[in-house]
Amino acid sequence: MVSILDIRRADERFHTRAGWLDSRHSFSFSRHWDPKNTHFGLLLVSNDDVVAPGTGFETHPHRDMEIITWVLDGGLVHQDSEGHNGVIYPGLAQRMSAGTGILHSEKNDSWTLTGEPAHQDPVHFVQMWTIPDEAGIRPGYEQLDINDELARGGWTTLASGMPRHSDRRAIGIRQKHAALHVARIRPSETLELAAAPFVHLFVARGTAELEGAGPLATGDAVRITASDGRRITGGPDGAEVLMWEMHAAVSTG
């Protein structure tokens, strides 16, 4: 099958702006609805959020969803009904399995946990949702600092449910057909994308050049059907990129 590239530029994403939130959505989300843009592969949500200090998402429910949060700048406080709480920071891989149902909040108020003085810094993070391969599981939570792995260069498997990643993934997800990889690509460094039926590449920051697609900037994404392992090269200042490797798609039947 011939590889197909669908390039989505940063300014083409749905945009939600409130007093405390600036969010850009890669897929239909909340009041933004496009029946032709509801998911890609197994990925249903990829939100690029900036939250003002002292604010955030108040307690709200989720069910039957694997939710991964990747912080780019600042600290995000996570609290949930299963008793987990803490500050998610850059380089900390974090996953919440909603399963049979969970309540959680996400706020930019780290001082409430650390006792440090309140700050005025926004928090910037990407949150991604994928469906689990089994409904009705027990809610769960996992996190792991992967800064050392990222510093070594190349791809780091941030989260995966694929058996072949069991010995090298950071955290697990309940989806055996998907994996999320992250890389901080140095200037002029070249990496190879996964070969898979569906690959979703997101440039979280910086610039890069993708073989067959050309230049990519911060916020750009590429949806690749029948990915053939083409190469990506870091721009003058490098890039931080998130890559979903998916071997199945959401059933629409």
### Message
With a sphere of 6.0 Å drawn around CZ of R231, does it hold more than 12 non-hydrogen atoms of other residues, nucleotides or ligands?
### Response
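No, not enclosed.
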
### Query
If you count the non-hydrogen atoms of other residues, nucleotides and ligands that lie under 6.0 Å from CZ in R164, is the total more than 12?
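Enclosed.
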
Inspect the contact between [Y] and [X] and indicate whether a charged nitrogen and a carboxylate oxygen are less than 4.0 angstrom apart.
X: D6; Y: R8; answer: yes
X: R174; Y: E134; answer: yes
X: D34; Y: K36; answer: no
X: D48; Y: R24; answer: no
X: R17; Y: D22; answer: yes

### Query
Which is it for I171 and Q143 under the side chain to side chain contact (heavy atoms under 4.5 Å, CB included) test, yes or no, and what are the steps along the way?
CA-CA 7 Å; I171 53 177; Q143 66 179 42; 5.6 Å; no

### Task
Check the pair Q79 / K107 against side chain to side chain contact (heavy atoms under 4.5 Å, CB included), numbers first and verdict last.
CA-CA 9 Å; Q79 295 181 307; K107 303 185 75 173; 6.0 Å; no

Can you name the closest pair of heavy atoms from [X] and [Y] and give their distance?
X: A10; Y: T218; result: CB-O, 3.5 Å
X: S26; Y: N37; result: O-ND2, 3.1 Å
X: A204; Y: L72; result: CB-CD2, 3.8 Å
X: M65; Y: T130; result: SD-O, 3.5 Å
X: I146; Y: A93; result: CD1-CB, 4.4 Å
X: L144; Y: A170; result: CD2-O, 3.5 Å

### Connected hydrophobic set around I224, excluding itself, where side chains approach under 4.5 Å
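Its cluster partners, ordered by chain and number, are L5, I7, W155, I185, L191, L193, V199, L201, V203, L210, L216, V222, I232, V241, M243.
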
Could you give the distance from [atom1] ([X]) to [atom2] ([Y]), rounded to the nearest 0.5 Å?
X: R169; Y: T157; atom1: CZ; atom2: OG1; answer: 10.0 Å
X: S97; Y: E82; atom1: OG; atom2: CD; answer: 10.5 Å
X: Q175; Y: I68; atom1: CD; atom2: CD1; answer: 10.5 Å
X: H32; Y: H15; atom1: NE2; atom2: NE2; answer: 8.0 Å
X: W244; Y: L43; atom1: CH2; atom2: CG; answer: 6.0 Å
X: N108; Y: E106; atom1: CG; atom2: CD; answer: 11.5 Å

### Task
Evaluate side chain to side chain contact (heavy atoms under 4.5 Å, CB included) for E66 paired with R95, printing each intermediate quantity in order.
CA-CA 7 Å; E66 297 292 284; R95 178 267 300 159; 3.8 Å; yes

If we ignore hydrogens and angles and just use 3.5 Å, is the side chain of [X] paired with the main-chain N or O of [Y] as donor and acceptor?
X: R186; Y: G234; value: no
X: T114; Y: E116; value: yes
X: D64; Y: G136; value: yes
X: D80; Y: G83; value: yes
X: H247; Y: A196; value: no
X: S160; Y: M162; value: yes
X: S227; Y: A194; value: yes
X: T38; Y: S28; value: no

Heavy-atom distance under 4.5 Å between the side chains of [X] and [Y], does that happen here?
X: T69; Y: L76; answer: yes
X: P122; Y: V51; answer: no
X: R205; Y: H124; answer: no
X: L242; Y: L158; answer: yes
X: D145; Y: Y89; answer: yes
X: S3; Y: T225; answer: no
X: I131; Y: L42; answer: yes

### Task
Could you go through the side chain to side chain donor-acceptor pair (under 3.5 Å) check for D49 and N47 one step at a time?
CA-CA 6 Å; D49 295 334; N47 289 345; 4.8 Å; no

Tell me whether [X] shares a hydrophobic cluster with [Y], the cluster being built from Ile, Leu, Val, Met, Phe, Trp, Tyr side chains joined at under 4.5 Å.
X: V250; Y: F198; result: yes
X: M128; Y: V45; result: yes
X: V87; Y: V50; result: no
X: I88; Y: L113; result: no
X: V77; Y: V71; result: no

### Task
Take H78 and Y141 through the test ring pair (Phe, Tyr, Trp, His ring centres under 6.0 Å) and record every step on the way to the result.
CA-CA 11 Å; H78 167 97; Y141 180 92; 4.8 Å; yes

### Candidate pair E58 and S105, rule side chain to side chain donor-acceptor pair (under 3.5 Å), full reasoning
CA-CA 5 Å; E58 299 292 347; S105 63; over 6 Å; no

### Query
Which word best sums up how the rings of H200 and F27 line up, parallel for under 30°, tilted for 30 to 60°, or perpendicular for over 60°?
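H200 vs F27 ring planes: tilted.
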
Below 6.0 angstrom between ring centroids: does that apply to [X] and [Y]?
X: H25; Y: F14; result: no
X: W129; Y: F29; result: yes
X: H104; Y: H60; result: yes
X: H181; Y: H165; result: yes

### Message
Go through it in stages, so that I can follow the logic: the residues are E240 and W70, the test is side chain to side chain contact (heavy atoms under 4.5 Å, CB included), and I'd like the CA-CA distance, side-chain angles, deciding distance and then a yes or no.
### Response
CA-CA 11 Å; E240 184 164 342; W70 183 249; 2.8 Å; yes

### Message
Test salt bridge (charged side-chain N to carboxylate O under 4.0 Å, His left out) on R9 and D11; report intermediate values, then the result.
### Response
CA-CA 6 Å; R9 299 298 179 185; D11 60 3; over 6 Å; no

